Amino acid sequence: MSSYTLIDGKQTAEALLVEIEKKIINLKKQNITPGLAVVLVGNDKASETYVRSKVAMSERLGIKSIHKELSVEISEDELLSEIESLNADDSVHGILVQLPLPAHIDTEKVLNAIDYQKDVDGFHTLNAGALSKGLESTIPCTPLGSIILLKRYLGDLSGKNAVVIGRSNIVGKPVGQLLLKNNCTVTYAHSRTKDLPAVCRQADIIIAAIGKPEFVGSDFVKEGAVIIDVGINAVQKEDSDGNSKRRLVGDVDFNAVCDKCSAITPVPGGVGPMTIACLMYNCLYCASMIHNVDFEMSDDLRA
Ligand code: NDP
């Protein structure tokens, strides 16, 4: 019989949201209402869905939500001036530009145009640099959520061997920085890594952020490892009646690895709910920093 723990992202996200909501009520008593601006360029269906859920979550928590829908044909200069006006708006504490942006717009330029104090995604070069130096910064939402989950289920991470598969600026690199901050011995693996399964078999912790459905198989996993599956991939799969259905799967082949590992996040229901909760966390963090209010989360809800 298998004895792995299912790391429940929905439950931890809910605990985080409850704490955030209480802190927002306290901020409001000081006449501070956190405001989050979400900027969507174009009409990519997946982006529209993400934006809708971010706006709905802001509203649930009492965060003032500003939603800008801009034409796919907007020029870079026009987008930059939209951001400038949000930077100057005192009712806005967090600005998120939904990615990807259309090809004619320089994404890096746009992300760096956001006031770093309002950078709820943690993608500004100043925040990325601060994180890598171990300084105070906003932390990208998915890495933040992944580490909160890990620590909640594993406790102290000191001395653990962690392998991060993926080195993107959005997930892989920052998640590795956070593991390092928590005293793990960190290996970054990527598409040029030789004998990836052998590298991963050294790991007490595997973070899979690859973008390839069910890529991590049983030969990647040593007995007792803990797996955080960041991947979200839509695939067509047959259900028990033989009908083909669209389903979400992770970067890890859950059924192949679950009996080998000691704990694993499901997809959906693992890192996904943590990402949106951490966006709210970052909005609260930015509002607190801007207004010089103490920001302290419970011990089991910190990265
Ligand atoms: P990117 O495409 O930016 O990065 C993928 C990384 O995986 C790259 O570093 C790449 O290596 C590496 N990689 C690709 N193929 C292989 C391979 N065959 N062997 C080893 N490494 C490989 O993706 P993201 O970081 O943005 O996202 C990763 C996953 O996380 C995706 O499934 C995405 O949908 C999901 N995601 C989930 C979120 C959530 O809320 N749960 C939020 C954000 C992302 P190289 O650098 O060498 O090309």
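Just follow the structure's listing: the first ligand is 1, and inside any ligand the first atom is 1. What you see is a predicted model, and the numbers here were worked out from it, not measured in a lab. Excluded from the calculations below are hydrogen atoms, water molecules and symmetry mates; all remaining heavy atoms, backbone and side chain alike, are included.
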### Task
Specify the closest pair of heavy atoms between I165 and L196, including all atoms of both residues, with the distance to one decimal.
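Looking at all heavy atoms of both residues, the closest pair is CG2-CD2, 4.0 Å.
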### Query
So, for T193 and Y188, which heavy atoms are closest and what is the spacing to 0.1 Å?
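For T193 and Y188, the tightest heavy-atom pair comes out as OG1-O, 4.4 Å.
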Would [X] end up clustered with [Y] when hydrophobic side chains under 4.5 Å apart are linked, directly or stepwise?
X: L96; Y: L131; value: yes
X: V120; Y: F123; value: yes
X: L284; Y: L61; value: yes

Applying a 4.0 Å heavy-atom criterion (strictly less than), which segment of [X] is in contact with ligand 1: side chain, backbone, both, or neither?
X: T275; result: side chain
X: M274; result: neither
X: L196; result: side chain

#### Entry: Min heavy-atom dist A209 to ligand 1 below 4.0 Å
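Yes; A209 lies near enough to ligand 1 that a heavy-atom distance drops under 4.0 Å.
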Pick, from [options], the option with the minimum heavy-atom distance to [atom].
atom: atom 9 (O) of ligand 1; options: K212, R192, R167; answer: R167
atom: atom 37 (C) of ligand 1; options: N169, V267, V230; answer: V230
atom: atom 32 (O) of ligand 1; options: P174, G211, A46; answer: G211

### Task
Rounded to the nearest 0.5 Å, what's the gap from OG on S262 to CD1 on I7? Could you check?
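So the OG of S262 and the CD1 of I7 are separated by 7.5 Å.
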#### Entry: Interatomic spacing from CD1 in I207 to CG in D251 - rounded to 0.5 Å
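Result: 12.0 Å between the selected atoms.
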Under a 4.0 angstrom heavy-atom cut-off, which atoms of ligand 1 come close to [X]?
X: D251; answer: 29 (C), 32 (O)
X: F215; answer: 17 (C), 18 (N), 19 (N)
X: N233; answer: 32 (O)
X: V271; answer: 41 (N)
X: G231; answer: 30 (O), 32 (O), 35 (C)

Provide, to 0.1 Å, the distance between [atom] and the closest protein heavy atom, together with that atom's residue and name.
atom: atom 1 (P) of ligand 1; value: S168 CB, 4.1 Å
atom: atom 10 (C) of ligand 1; value: S191 N, 4.4 Å
atom: atom 14 (C) of ligand 1; value: I210 CG2, 3.6 Å
atom: atom 42 (C) of ligand 1; value: T142 OG1, 3.2 Å
atom: atom 21 (N) of ligand 1; value: H190 C, 3.1 Å
atom: atom 33 (C) of ligand 1; value: I232 N, 4.2 Å
atom: atom 27 (O) of ligand 1; value: V171 CG2, 4.2 Å

Salt bridge or not between [X] and [Y]? Use side-chain N to carboxylate O under 4.0 Å.
X: D219; Y: R201; value: no
X: R60; Y: E14; value: yes
X: K22; Y: E19; value: no

### Query
Should D156 and S158 be marked as a side-chain hydrogen bond (donor to acceptor under 3.5 Å, both in side chains) after you check the CA-CA gap, both sets of side-chain angles, and the distance that decides it?
CA-CA 6 Å; D156 184 10; S158 288; 3.0 Å; yes
#### Entry: Short N or O distance, G166 and ligand 1, threshold 3.5 Å exclusive
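N/O-N/O distance under 3.5 Å: no.
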### Message
Set out, in order, the CA-CA distance, both residues' side-chain angles and the distance that settles side-chain contact (heavy atoms from CB on, under 4.5 Å) for Y50 and D44, then state yes or no.
### Response
CA-CA 10 Å; Y50 288 134; D44 175 75; over 6 Å; no
